[in-house]
Amino acid sequence: MKSEVYNIDCLEYMRGLPDKHFDLVIADPPYGINIGNGLGSGKKMCKMHHKWQYNAPGEEFFNELFRISKEQIIWGGNYFDLPPTRCFLVWRKTNVPLEGFTMSAAEYAWTSFDQNAMVFEFSAVGQVGRFHPTQKPPELYRWIYKHFAHEGDKILDTHLGSGSSRIAAYDAGLDFVGYEIDETYFRLQEERFERHTSQMNLFID
């Protein structure tokens, strides 16, 4: 089992990979106001807050994503121009009321799988040391791997973020590669992964 992560632009790296190199890609790309701008995973400076703002990926990103992987799960897939699918995944946030609340009560992932849609119910709060604005719990990714990954699969996360997908892959014994363009998030997920694996080793010993 391997767990490799890189502080790089995912699109830049994917261009050099052979076809169908990964069994499963899990992506949680930025989406929203900049959709359709044709960019890969570029970033721009927000002058007001002096922080990097990441553009939604364009056509080339998805072309490469589908080329280098056999199956795909894409969070926010309902915001992108993707093929029809039977199998949307829904993360129902149990801490958010269905009505009368500004925060979204659920997040959707487009998948390439020919299966029925599935729902995972879990709270969006209570994540110790949360540092990423779209941080998802490792429990969500454990559920995904249980239903959509197999022993020996190679997993890629193009937007590693907080590293929850990496932690869940490590726990499941899956080979994992992750890309993260933001230096701060990359460093923080490295620290988080190190804490998790250290605790796991102590428990095993």
Chemist: Not counting sequence neighbours, which residues clear side chain to side chain contact (heavy atoms under 4.5 Å, CB included) with Glu71? List them please.
Modeler: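 Leu24, Ser112, Phe113.
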Chemist: Any chance you could measure Lys154, atom NZ, to Ser69, atom OG, to the nearest 0.5 Å?
Modeler: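 Going from NZ on Lys154 over to OG on Ser69, the span is 11.5 Å.
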Chemist: Please enumerate all residues that pass side chain to side chain contact (heavy atoms under 4.5 Å, CB included) together with Glu151, with sequence neighbours excluded.
Modeler: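 By the side chain to side chain contact (heavy atoms under 4.5 Å, CB included) rule, Glu151 matches no residue at all.
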Chemist: Salt bridge check: are Asp19 and Arg67 linked by an N-O gap of less than 4.0 Å?
Modeler: yes
Chemist: Please work out which of the three classes, parallel, tilted or perpendicular, describes the rings of Tyr6 and Tyr179, given edges at 30° and 60°.
Modeler: tilted
Chemist: State which residues pass side chain to side chain donor-acceptor pair (under 3.5 Å) with Asp153; sequence neighbours excluded, sorted by chain then number.
Modeler: none
Chemist: Should Arg187 and Glu183 count as an ion pair when the cut-off is N to O under 4.0 Å?
Modeler: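 Salt bridge between Arg187 and Glu183, a charged N being under 4.0 Å from a carboxylate O: no.
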Chemist: Can you confirm if the aromatic rings of His159 and Phe61 lie within a centre distance of less than 6.0 Å?
Modeler: yes
Chemist: Under a plain distance cut-off of 3.5 Å, with no hydrogens placed, do Arg192 and Ser164 share a side-chain donor-acceptor pair?
Modeler: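 Checked: Ser164/Arg192 side chains pair up, N/O donor to acceptor below 3.5 Å.
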Chemist: Less than 4.5 Å apart, any side-chain heavy atom of Arg142 and any of Asp171?
Modeler: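 Of all side-chain heavy-atom pairs linking Asp171 with Arg142, at least one is under 4.5 Å.
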Chemist: Once rounded to the nearest 0.5 Å, what's the spacing between atom CG of Leu188 and atom OG1 of Thr184?
Modeler: 6.5 Å
Chemist: Could you tell me if the side chain of Trp110 sits less than 4.5 Å from the side chain of Leu89, heavy atoms only?
Modeler: no
Chemist: Answer with yes or no whether the side chains of Asp23 and His150 bring together a donor and an acceptor at under 3.5 Å.
Modeler: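 His150 vs Asp23: no donor-acceptor pair found between side chains.
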Chemist: Between Tyr141 and Tyr145, what is the ring plane arrangement, given parallel below 30°, perpendicular above 60°, and tilted in between?
Modeler: tilted
Chemist: Which is it for Phe80 and Phe62 under the ring-ring contact (aromatic ring centres under 6.0 Å, His included) test, yes or no, and what are the steps along the way?
Modeler: CA-CA 10 Å; Phe80 300 110; Phe62 290 105; 5.0 Å; yes
Chemist: Restricting to non-hydrogen atoms, name the atom on Phe122 and the atom on Trp91 that form the minimum distance, rounded to 0.1 Å.
Modeler: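 Scanning both residues completely, I find the closest heavy atoms to be O-NE1, 2.9 Å.
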Chemist: Could you tell me if the side chain of Asp157 sits less than 4.5 Å from the side chain of Arg166, heavy atoms only?
Modeler: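 Of all side-chain heavy-atom pairs linking Asp157 with Arg166, none is under 4.5 Å.
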Chemist: Is a salt bridge present between Lys93 and Glu107, judged by a nitrogen-to-oxygen distance below 4.0 Å?
Modeler: yes
Chemist: Are any of the side-chain heavy atoms of Cys87 and Phe148 separated by less than 4.5 Å?
Modeler: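 Answer yes - side chains close enough.
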